[in-house]
Protein chains: 2
Amino acid sequence: MYKPTTIKDIAKALGLSTSTVSRALRDSYEISEDTKRLVMDYAEKINYKPNPIALSLKERRSYSIGVIVCEVANSFFSQAINGIESIAYKKGYHVIISQSHDSYEREAINVQHLANRSVDGLLVSMSAETTDISHLQRLHEQGLPMVFFDRIVEEIQTHKVIVNNKKGAFEATEYLIKEGQTKIAHLANAPHLSITPERLEGYKMALQAYGLPFNEDYVQYCHHGGLIYEEVEDAVKKILQMPDKPDAIFVASDRLSTGCLTALRKFNPGNIHNLSIAGFSNSAVINLLQPSISYVHQPAFEMGQIAIEMLIQLIESNKPVKEFITRVLDTKFFPNKDLTEIKVDTIGS
Amino acid sequence: MYKPTTIKDIAKALGLSTSTVSRALRDSYEISEDTKRLVMDYAEKINYKPNPIALSLKERRSYSIGVIVCEVANSFFSQAINGIESIAYKKGYHVIISQSHDSYEREAINVQHLANRSVDGLLVSMSAETTDISHLQRLHEQGLPMVFFDRIVEEIQTHKVIVNNKKGAFEATEYLIKEGQTKIAHLANAPHLSITPERLEGYKMALQAYGLPFNEDYVQYCHHGGLIYEEVEDAVKKILQMPDKPDAIFVASDRLSTGCLTALRKFNPGNIHNLSIAGFSNSAVINLLQPSISYVHQPAFEMGQIAIEMLIQLIESNKPVKEFITRVLDTKFFPNKDLTEIKVDTIGS
DNA sequence: ATGAAAGCGCTAACAG
DNA sequence: CTGTTAGCGCTTTCAT
């Protein structure tokens, strides 16, 4: 049975009281140098570590913060997590990661679990399925600090970090248009995610800016954020089978982008439909993908860093914070340079 | 300030003692139905949740288990984590994920942190950098249950889950040989990882089985497990610049595989060297990669499940466990079907 | 300079 | 059936 040494053990071994030991370990001024050294040396020797559970109970804080994302197997989120950790560790906070798998139920359970475990604050990116936000609202009202990033929720007044989704979507769509495509479909995320209408809007704006009509049918939603591959496949199939078949697709997210390419590879081997793809993605292997894709890259690491800094500010602020800010970062667009080249290849196959 | 309701609040509100409330909430037989209903209804109404920190302190266990992997942005590990979670949640355990980023220092800090946070057990996959395992050994001796998976360590006697690395490496190498390649390089992981010599051994065995010579120079190690892309690039460059240039590469891990392809894309555009690649990978987009790759797939999800089951067994066992087992799972090899087809394409470009 | 005691939220042994 | 009390590990008044 695993039983770590306690302050009591030290006290007994050294013939002191627990309070003296406690104070000595915290280098209190009211303890003599001799006693301090005695206690500290002994603690060192037996590798004493204070029990953070006891500390948490006492201080009503845990120096840990909870992160809830849909999944870690997603470049955008894993990069954001790395950003979060980079700051959190430096400031003495531990990061507890939790996955919603884009399920409302899982999100609610995990949020509750994290709150129960006395995290000092929460970093949240909403699940694709969630419409009812009362689980978060309740905690927020009770005063649990939280910061939203990427997939935010309007109704809760707190700090938020997002990217300029409209602009990112505009640039991607614009690129496709400038490439010469006129019938551009849009593979969209779950409708109630904050990012979905924003990216749709950017897409629409680009169409309008270049005098292209907006076709409602060209927009295909994936209600589970693409975590269920079949829904992406269905959406892509629908796009390919449209009477007025699109010649390009603008894809709204990382997971959808890879799902879309997989489906295309299946239905459209060798890119016989000559489709051009542009989408949001932070994948490390994006440049290796075939069919190739132009992509909107989000500063995920930086978003994570900013979010955790905001959260820590909230946690450590003495007076209740009343002014909340929403940081909007820029995305970066990477055209797929060798598009034509590869198209020639694949057409030949 | 976030202040959840306690059993005391309920007791006061209802004019009962805390113990009565406690018992009522746990549906104890010694409490009258009326009181139970009263208490439960009220608890429900004010959304009372027991404080798990207090429970942990009392019961000396947290119902949480710590997982330490090199990084979550890696298909193999994120799949393993999903396997771990699938069982853990069902059995009432919370999973705390921690990344070593293949750094010894980070691993040691995180392991200590998790142990301090009173996780009931540890699921460990070693970092590429680690040679000194005393940080784990100490905790193991103190009785903290731990199970190793994938990247294990011989010296610590406990349950382990691995795959048949030798066989997996053999099959991949054999495939390359049967394809007609005779000069097969090996892009290897950090030398002191348990998987490294095993996969090297399988590679050697295949060479031997088919009467090919083993060339020491053909083996290039990546001491940071490929987390630093440059080391992969350097290794690939060396392979490409060898006097007796290899015609194929067997790659030892997921991260190395994508790194290798990226480097090849850079140094060897259009696969002018006509290199055939086979490697360990669990990437979801493996089939979309270009250059294409044959791959050894590990049952990561299942490994996670088995590992957590073993750990929970260790945690919940009353008598100290003396018999430890090492589960060895089979990998699955997926030849790159359209290798020739794509080769033709790329040669043409 | 040190110790005794209370308390963080909860459970359980002990008393009625 | 319900209440009182002690204790999990630690810090922190309050005494001495």
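Note that the coordinates shown come from a computational prediction; the quantities given were computed from them, not determined experimentally.
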Examine the side chains of His135(B) and Glu107(B) and answer whether a donor and an acceptor come within less than 3.5 Å of each other.
yes
Regarding Ser103(A) and Ser100(A), do their side chains bring together a donor and an acceptor under 3.5 Å, going by distance alone?
no
Closest heavy-atom pair and its distance - Lys160(A), Glu154(A):
NZ-O, 3.5 Å
Which heavy atom in Asp120(A) sits nearest to a heavy atom in Tyr63(A), and how many Å separate them?
OD2-N, 2.6 Å
Are His159(A) and Phe148(A) close enough that their ring centres sit under 6.0 Å apart?
no
[X] has an atom [atom1]; how far is it from atom [atom2] of [N], in whole Å?
{"X": "Leu14(B)", "N": "dG3(D)", "atom1": "CG", "atom2": "P", "result": "11 Å"}
{"X": "Ile10(B)", "N": "dG3(D)", "atom1": "CD1", "atom2": "C1'", "result": "17 Å"}
{"X": "Asp34(A)", "N": "dA1(C)", "atom1": "CG", "atom2": "P", "result": "11 Å"}

Within the structure shown, what part of the strands sits under 4.0 Å from Leu16(A) by heavy-atom distance: base, sugar-phosphate, or nothing?
sugar-phosphate
Reading nucleotides 8-16 of chain C from the 5' end, what letters show protein touch, with B for base, S for backbone sugar-phosphate only, - for no heavy atom under 4.0 Å?
BBBBBBB--
Whether Asn110(A) side chain and Gln99(A) backbone form a donor-acceptor pair below 3.5 Å
yes
Reckon Thr35(B) has a side-chain N or O less than 4.0 Å from the OP1 or OP2 of dT2(D)?
yes
